[in-house]
Amino acid sequence: MPGVSASNVNEMQKTGKEDIDMATWVIMLGVEAVFVIGSIIAIAVWMKRGGGEEDALDRRLAELSEMSKAREAAERN
Amino acid sequence: MNSLHTMAIVFIVAFLAFLVFIGVWAARKNARGAGAATTEYFLGGKSTPMFVLAMSYAASAVSAGSFIGDPGVLSTVGWPYYWIAIATVAGTAIPGLIIIRRMRLQSEKFGSITIADYCSQRYRSPGLKIYLSILMVICFTFTLVAQFKGAAILLEMYTGVPFKAGLVIMLVIVIFFVSSGGLRSVAWTDCFMGCFMTVMSAMLVITAISHVGGFGHMEEILAGDYPSFNQIYEYGSESEVTVTAFGIAMLFLYGVFIMFCQPYITARYIALPDIKKSSVGKFLIIAIVTAALFNLMFLVGMAGRVMFPDAEADYMTVTVSTELFPPILACIIMIGFFSAIVSTATSILLVVAQGVGGDIYGKLFKGATPKKEVLVTRVAAIVIGLIVLAFNMVEPPAFLQIFIYLGLTGVGSSMCMSLFCGVLWKKSRKEGAWASAIMGPATYLIWTQGLGLSWASGMGVAPIGAAVGMFVVSWVLNAVKGPDKELMEWADPYIDPK
């Protein structure tokens, strides 16, 4: 298993892992897990801040939707 | 013809029949819809359920690239290439929180149907829409060529149908499917296919990794036979290797700006039925989890290299499935592969055809009605299909994934700053949008073709070029002429359109 020791410093320099005594797969999948879980937590916090309820943006979308429906109806006629 | 071939033919016929059925169903629903023909065809009447759109978002982001091309590159580069899987997951999520809701609101005010539509209406520049649409048609044709090459390879390997015959079969079905049902058919099949792809990728990854004795054992073997595969990133200059330390940073920019702004993905934001935080949050979580699961397929490429050292990169995942599984399971996996390809191919073909019908024809011809736009879009889907066929018949691309990224980066870099600044920066100007739309793709071409540097890092450098164009031009003009107040008012979704 690749790791760091005095005897394999040269090998490590070739592989870009001079300071890391950990298997590559642990690092890569670990970083991915951090990003995925971190993103989900960030989204959950963002959702909670709004309470999940209808807010000003959502109400405005409803108003604009009504306007565009009227516009589409006018275009069809 | 062996038992795998016979069974695969039965499975593929059933799969294609399913696509035809959904196409017919969606076409009928579009015809009965209450909205304009363009709203029904391009946006599924804006009534497609959130879960369906989220699965469709993830499934169309995952393509022949993620299931065939990316594992193929990983099987020749090793772990450094895995950063692209990490970067695209982050890219799906973070911008979504600040962009999706406001963009949806603005697009409702502007009456935008497509992303090119949004960019042009946000900056009140009809020419920008035509330029972006033409660029999109050119770049995505390359991407489609690669997608269909992937489909024909698969069909040949599983069923024994010759490459060219397979190409024609896949094109005919996909063109029929897109031209009949529009976004409604694409989104619903993407959703079904996404569920299927999740099961299939889990099956393939677990089996492949356990066959090589787990991650630890795979790493030991790679250390002996392919030591560079175990790097965190590659050492060497940008012109020599694929993913350097600098390249990793660039891949994150690619995820955030290029992947997030793909027209076939942004079409889902414009089609969202509502923008409650709870709905958008669920949409993003489903998309992230699904995309992360799909991306694990990259690992099959590396495990495949250990098991089948002589297999060709683009054939690696298919080789693993046919060699490790009994015919019936190999056929189920095959349908997962086809789902990945078809979900992206249909989404891209739809936006390219839409670019011709809705954006170019609709803009250039004054007599264009929504019905005529849809008709031109359908014809465009057929013509583009024929061009893709001709490309693949004459000279199929040598390396699937590089061809795919060429198209994605060209399109994404031309639109990313118009979208991000259009939503977040009121003082951004029309001239800045034009500069960014030209400088993004130009930067990528100069980086990869002019300077001969890595195509992977070029995908992140391109949005930097676009950003320089947008900010420099907008700042200078704002300083000289003062901010364009009329445009700022227009960009504000709380001010009613006049």
Side-chain angles (χ1 to χ4, degrees), chain A residues 1-3 8 11-20 22-77, chain B residues 34-39 46 78-80 82-83 85-87 89-90 92-94 96-97 101-102 104-105 108-109 111 215-216 218-220 222-223 227-235 245 274-282 284-285 288-289 291-292 295-296 299 369-370 493-494 496-497:
Chain A
M1 185 73 58
N8 65 1
E11 183 60 27
M12 291 306 109
Q13 280 173 340
K14 276 183 211 157
T15 61
K17 294 202 304 177
E18 307 92 316
D19 304 314
I20 305 163
M22 206 181 274
T24 310
W25 71 272
V26 175
I27 297 167
M28 299 299 281
L29 295 183
V31 171
E32 185 177 30
V34 166
F35 271 103
V36 172
I37 296 166
S39 301
I40 292 170
I41 291 171
I43 294 167
V45 169
W46 176 79
M47 283 161 74
K48 202 164 183 191
R49 276 178 52 198
E53 298 301 319
E54 190 180 73
D55 62 6
L57 259 70
D58 209 46
R59 282 194 293 277
R60 181 62 182 158
L61 180 67
E63 288 172 19
L64 288 168
S65 294
E66 286 306 313
M67 285 185 213
S68 56
K69 272 180 196 159
R71 192 174 56 221
E72 280 181 5
E75 277 171 11
R76 262 183 301 178
N77 296 327
Chain B
T38 42
T39 309
K46 294 183 188 170
W79 279 109
Y82 197 69
W83 283 106
I86 299 170
V89 171
T92 318
I94 308 304
L97 298 181
R101 300 176 80 214
R102 289 193 170 274
R104 174 75 179 84
L105 207 54
E108 194 69 42
K109 175 179 176 179
F215 285 109
M218 179 171 80
E219 196 155 309
E220 277 177 32
L222 291 174
S228 65
F229 276 41
N230 285 337
Q231 297 172 153
I232 302 291
Y233 55 86
E234 292 175 287
Y235 270 118
D274 73 75
I275 52 169
K276 289 189 184 79
K277 275 192 166 182
S278 56
S279 308
V280 175
K282 280 178 206 156
L284 286 172
I285 289 174
I288 289 165
V289 172
N295 282 344
L296 289 176
L299 300 172
T369 60
Y494 286 97
D496 286 344

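Computed from heavy atoms alone, side chains included, the values below leave out hydrogens, waters and symmetry copies. Lettering of chains follows the sequences in order, A, B, ..., and the numbering in each one begins at 1. The model shown is predicted, which means the values in this text are computed figures rather than measured ones.
- B:E219 places no side-chain N or O within 3.5 Å of a backbone atom of A:A23 that could act as its donor or acceptor partner.
- Residue B:F229: no heavy atom, backbone or side chain, is found under 4.5 Å from chain A.
- Between A:E32 and B:L296 the shortest side-chain heavy-atom distance falls below 4.5 Å.
- Interatomic distance, B:I285 CD1 to A:I41 CD1, rounded to the nearest 0.5 Å: 10.5 Å.
- Side chain of A:R60 to main chain of B:P493: a donor-acceptor pair is present (N/O by atom type, distance under 3.5 Å, no hydrogens or angles).
- Between chain A and the options B:A292, B:G281, B:P80, B:G111, the largest number of non-hydrogen pairs under 4.5 Å is found for B:G281.
- Within the 4.5 angstrom heavy-atom criterion, only side-chain atoms of B:I288, from C-beta onward, approach chain A.
- Rounding to the nearest 0.5 Å places CG of A:D58 at 6.5 Å from CZ of B:R101.
- B:L299 is not listed as a side-chain neighbour of A:W25, based on a closest heavy-atom distance of 4.5 Å or more.
- Heavy atoms closer than 4.5 Å to chain A are found nowhere in B:L222, neither backbone nor side chain.
- Separating the NZ atom in B:K276 from the CE atom in A:M47 is a distance of 12.5 Å, to the nearest 0.5 Å.
- Contact of the B:Y494 side chain with the A:L57 side chain is registered, since non-hydrogen atoms from C-beta on lie closer than 4.5 Å.
- The structure places CE of A:M28 at 11.0 Å from CD of B:Q231, a figure rounded to the nearest 0.5 Å.
- Listed options A:G38, A:S39, A:A33, A:S65 were ranked by heavy-atom pairs under 4.5 angstrom with chain B; first place goes to A:S65.
- A:L29 contributes atom CG, which lies 7.5 Å from atom CD1 of B:I86 (distance to the nearest 0.5 angstrom).
- A:T24 contributes atom OG1, which lies 12.0 Å from atom OH of B:Y233 (distance to the nearest 0.5 angstrom).
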